[in-house]
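Reviewing the structure listed below.
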Amino acid sequence: MVKKVLTWGGIAFLIFFVAFRPDSAADVFKSLGGGIVDIAQGFGDFVASLVA
């Protein structure tokens with residue numbers, strides 16, 4: 001029950017955040033995307049160094 005309430009609360013907060021602060025929301029998602037790209041690049045470099 002608590003998990004369901006927290007999930008719906010998180011979704012509601014996300015919708016509110018995107019609706020009322022779209023610029024801030026875009027910055028957050030850009031930061032998260034950049035972090036994911038950096039991690040993927042690190043794994044790629046690691047595998048390339050193993051193969052070479």
Compile the donor-acceptor pairs under 3.5 Å between side chains in residues 39-52 and protein atoms, sequence neighbours left out, one pair per line.
unit_1 : atom_1 : unit_2 : atom_2 : d
Ser49  : OG     : Asp45  : O      : 3.4
Ser49  : OG     : Phe46  : O      : 2.7

For residues 6-22, which side-chain donor-acceptor pairs fall under 3.5 Å, sequence neighbours excluded?
unit_1 : atom_1 : unit_2 : atom_2 : d
Thr7   : OG1    : Lys3   : O      : 2.8

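Scanning for side-chain contact (heavy atoms from CB on, under 4.5 Å) contacts around Ala26 gives an empty result, with sequence neighbours left out.
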